[in-house]
Amino acid sequence: MNVTLNNLMKVPYFLSSLQKDTNDIFGQVMVSGPQASEHALREKIATQSYNNYLHEISKHHSIEVMDREIELFLTAIPRNGVICDVGGGWGWHWRKLYRFRPDVNVVIVDFCKSNLHHAKNLLKDSVGKTIWLVHGDATRLEFDSGTFDGYWSVQTLQHIPDFEQSITEALRVLKAGGVFANYSLNYSWPMALLYHLLRRQYSIKTQIKTNYYLNRADRQQGVTISHLFNSHVVKRYSEILFKPGFKCHFPGKNRSWWGKLDALMSSDSPLFAWMARQRSFHTKKPLKMTSYYFQ
Ligand SMILES: C[S@@+](CC[C@H](N)C(=O)[O-])C[C@H]1O[C@@H](n2cnc3c(N)ncnc32)[C@H](O)[C@@H]1O
């Protein structure tokens with residue numbers, strides 16, 4: 001009984017309605033519908049174990065680029081702010097949080113529970129202190145409206161067929177003035193042409209091999225976010241040099257000089273837009289919204 005009371009006291013208010021399992025993972029979600037096959041595939045892949053997480057991550061993401069993007073995002077988060085990382089997977093973006101912003105709490109939400117086990121291995125002692133793991137779905141987050149100061153999502157919303165629903169959910173859980181950032185694979189017509197000339201597949205908005213849905217970031221997504229948030233949206237282009245599709249992984253590595261250069265090249269300038277692997281959209285929830293947007 002004492003142990004239960006103790007645990008209850010440690011749980012922050014934003015998780016108080018969720019049950020915690022023995023692995024420090026809060027909540028529970030059943031995945032059915034259009035993402036069921038993706039969920040099954042991700043659970044299967046996540047049964048693998050890894051000796052070097054960062055090495056594995058660098059095959060899929062540029063560590064230096066995303067570390068810089070996180071630093072920029074954190075500058076907009078108020079003191080003692082709470083961030084929701086939706087589809088946070090292994091949670092690696094937050095591995096240096098205790099150094100930069102020990103005052104900030106991060107809730108990592110993912111529908112693949114086994115990825116959250118990896119997050120716990122990677123983030124170690126931070127889990128249960130300032131980083132919290134939640135088994136949940138981006139399209140129906142189990143948090144009260146107006147819970148978070150920041151909404152951060154990387155290469156997750158691109159897999160959700162109902163983009164508008166995930167943005168509506170982001171808007172709901174953000175506080176007024178809360179910061180929104182979503183990164184997806186970029187749609188670039190010159191890259192599409194290059195892939196076509198090389199006789200390679202360049203999926204834009206489609207179901208891939210019955211497992212994944214992919215919806216690349218395009219102009220229309222920016223318009224949708226701007227309309228729903230009723231707010232100005234800024235776009236950024238990142239991972240300019242990192243090209244895993246062409247087996248060019250080395251700029252993705254931790255402490256890579258190519259990665260550091262790539263991080264500097266990532267910006268809101270359209271100069272490298274055509275070769276950027278990622279496009280992100282950034283906005284804020286207005287302090288006052290008309291009631292229409294709360295429907
Ligand atoms: C490409 S991975 C990106 C992981 C992480 N954001 C990163 O940058 O390393 C996509 C992640 O989103 C999760 N995901 C996909 N759809 C989701 C949904 N509807 N709700 C919650 N998580 C989801 C997957 O399980 C996976 O961990």
Side-chain angles (χ1 to χ4, degrees), residues 18 25-48 50 53-70 73 83-97 106-123 131 133-143 150-170 173 181-186 203 207-208 211-217 238-239 242 244-245 252 254 266 277-280:
L18 300 177
I25 296 175
F26 290 81
Q28 196 175 21
V29 71
M30 295 292 291
V31 182
S32 58
Q35 283 192 285
S37 55
E38 176 190 344
H39 172 256
L41 180 72
R42 290 200 186 274
E43 285 290 355
K44 194 172 154 201
I45 293 171
T47 55
Q48 289 182 49
Y50 301 92
Y53 278 111
L54 290 186
H55 176 71
E56 186 59 29
I57 288 161
S58 71
K59 297 178 190 169
H60 310 278
H61 302 270
S62 168
I63 293 175
E64 291 296 330
V65 168
M66 294 318 291
D67 280 357
R68 178 158 182 267
E69 296 297 305
I70 282 278
F73 181 73
I83 296 168
C84 190
D85 177 359
V86 175
W90 295 358
W92 61 278
H93 299 287
W94 311 106
R95 70 196 188 286
K96 297 179 191 164
L97 183 72
V106 175
V107 179
I108 299 173
V109 179
D110 206 288
F111 74 3
C112 173
K113 198 165 189 179
S114 309
N115 276 346
L116 296 173
H117 293 151
H118 288 299
K120 196 177 169 196
N121 293 341
L122 200 152
L123 295 164
I131 299 187
L133 308 177
V134 171
H135 188 215
D137 187 333
T139 60
R140 46 195 165 100
L141 296 166
E142 301 233 9
F143 304 111
Y151 178 103
W152 168 266
S153 189
V154 177
Q155 294 194 29
T156 296
L157 305 193
Q158 65 189 17
H159 296 305
I160 299 177
D162 195 340
F163 182 74
E164 207 168 308
Q165 170 58 25
S166 22
I167 301 302
T168 305
E169 205 43 0
V173 297
N182 177 51
Y183 292 73
S184 294
L185 288 178
N186 181 28
S203 306
Q207 189 74 22
I208 300 175
N211 286 323
Y212 285 84
Y213 174 77
L214 178 67
N215 184 7
R216 284 181 186 265
S238 53
E239 296 189 339
F242 178 61
N254 194 25
S266 299
R277 180 171 176 259
Q278 284 187 141
R279 186 188 310 198
S280 52

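One-based numbering, in listed order, for ligands and for the atoms of each. Every heavy atom of this structure was used, including side-chain atoms; hydrogens, water molecules and symmetry mates were not.
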> Is there a side-chain contact between F111 and R42 (heavy atoms, below 4.5 Å)?
Replying inline: yes
> Taking heavy atoms and a distance under 4.0 Å, where does H60 meet ligand 1: side chain, backbone, both or neither?
Replying inline: neither
> Just distances here: any N/O of H159 and N/O of ligand 1 closer than 3.5 Å?
Replying inline: no
>> Please check this pair: side chain of E239 against backbone of V65, looking for a donor-acceptor N/O pair closer than 3.5 Å.
In response: no
>> So for W92, does at least one of its heavy atoms come nearer than 4.0 angstrom to any atom of ligand 1?
In response: yes
> Heavy-atom contacts under 4.0 Å between D85 and ligand 1: side chain, backbone, both, or neither?
Replying inline: neither
>> Could you identify the single nearest non-hydrogen protein atom to atom 1 (C) of ligand 1 and state the distance to 0.1 Å?
In response: Q155 O, 3.3 Å
> Step by step, would you call L123 with R95 a side-chain contact (heavy atoms from CB on, under 4.5 Å)?
Replying inline: CA-CA 6 Å; L123 295 164; R95 70 196 188 286; 4.0 Å; yes
>> Could you identify the single nearest non-hydrogen protein atom to atom 25 (O) of ligand 1 and state the distance to 0.1 Å?
In response: D110 OD1, 2.6 Å
> With a 4.0 Å heavy-atom cut-off (strictly under), which part of Q35 contacts ligand 1: side chain, backbone, both or neither?
Replying inline: side chain
> Would one find an N or O of T139, backbone or side chain, under 3.5 Å from an N or O of ligand 1?
Replying inline: no
> Does ligand 1 have an atom under 4.0 Å from some heavy atom of E38?
Replying inline: yes
> Is the backbone of V154 close enough, under 3.5 Å, to the side chain of T156 for a donor and an acceptor to pair up by distance?
Replying inline: yes
> Looking at ligand 1, does G136 have a heavy atom less than 4.0 Å from it?
Replying inline: yes
> For ligand 1, which atoms sit closer than 4.0 Å to a heavy atom of N115?
Replying inline: 25 (O), 26 (C), 27 (O)
>> List ligand 1 atoms under 4.0 Å from G89, heavy atoms only on the residue side.
In response: 27 (O)
> Out of H61, H60, H118, which one pairs with Y53 under the ring pair (Phe, Tyr, Trp, His ring centres under 6.0 Å) rule?
Replying inline: H118
> Are any of the N/O atoms in V109 less than 3.5 Å from those in ligand 1?
Replying inline: no
> Which of the numbered atoms in ligand 1 are below 4.0 angstrom from a heavy atom of H61?
Replying inline: 7 (C), 8 (O), 9 (O)
> Which protein heavy atom lies closest to atom 22 (N) of ligand 1, and at what distance to 0.1 Å?
Replying inline: F111 N, 3.2 Å
>> Suppose we screen for salt bridge (Lys or Arg N to Asp or Glu O under 4.0 Å). Which residues come up paired with R216, at least two apart in sequence or across chains?
In response: none
> Numbering the atoms of ligand 1 from 1, which are under 4.0 Å from a heavy atom of D137?
Replying inline: 18 (C), 19 (N), 20 (N)
> In the protein, which heavy atom is nearest to atom 20 (N) of ligand 1, and how far is it?
Replying inline: A138 N, 2.9 Å
> Considering the options V173, V134, D137, which one meets the side chain to side chain contact (heavy atoms under 4.5 Å, CB included) requirement together with V109?
Replying inline: V134
>> Does any part of the side chain of I25, heavy atoms only, come nearer than 4.5 Å to the side chain of H117, both counted from C-beta?
In response: yes
>> Heavy atom to atom 4 (C) of ligand 1, shortest distance: which of P34, G87, G33 holds it?
In response: G87
> Do N182 and F163 have side chains that get closer than 4.5 Å, going by heavy atoms?
Replying inline: yes
>> Can you tell me which portion of H93 lies within the under-4.0 Å heavy-atom range of ligand 1? Options are side chain, backbone, both, or neither.
In response: side chain
> Is the shortest heavy-atom distance from the side chain of I70 to the side chain of W94 under 4.5 Å?
Replying inline: yes
> Which ligand 1 atoms are under 4.0 Å away from a heavy-atom of I160?
Replying inline: 19 (N)
> Is the gap between the ring centers of F73 and W152 under 6.0 Å?
Replying inline: yes
>> Is it the case that the side chains of E169 and T139 hold a donor-acceptor pair, with the cut-off being a distance below 3.5 Å and no angle test?
In response: no
Show which side-chain atoms of residues 27-35 pair as donor or acceptor with protein atoms under 3.5 Å away, not counting sequence neighbours.
{"residue": "Q35", "atom": "NE2", "partner": "E38", "partner atom": "OE1", "Å": "2.9"}
{"residue": "Q35", "atom": "NE2", "partner": "H159", "partner atom": "O", "Å": "3.3"}

> Where on V154 is there a heavy atom closer than 4.0 Å to ligand 1, on the side chain, on the backbone, on both, or on neither?
Replying inline: both
> For atom 12 (O) of ligand 1, which protein heavy atom lies nearest, and how many Å away is it?
Replying inline: T156 OG1, 3.0 Å
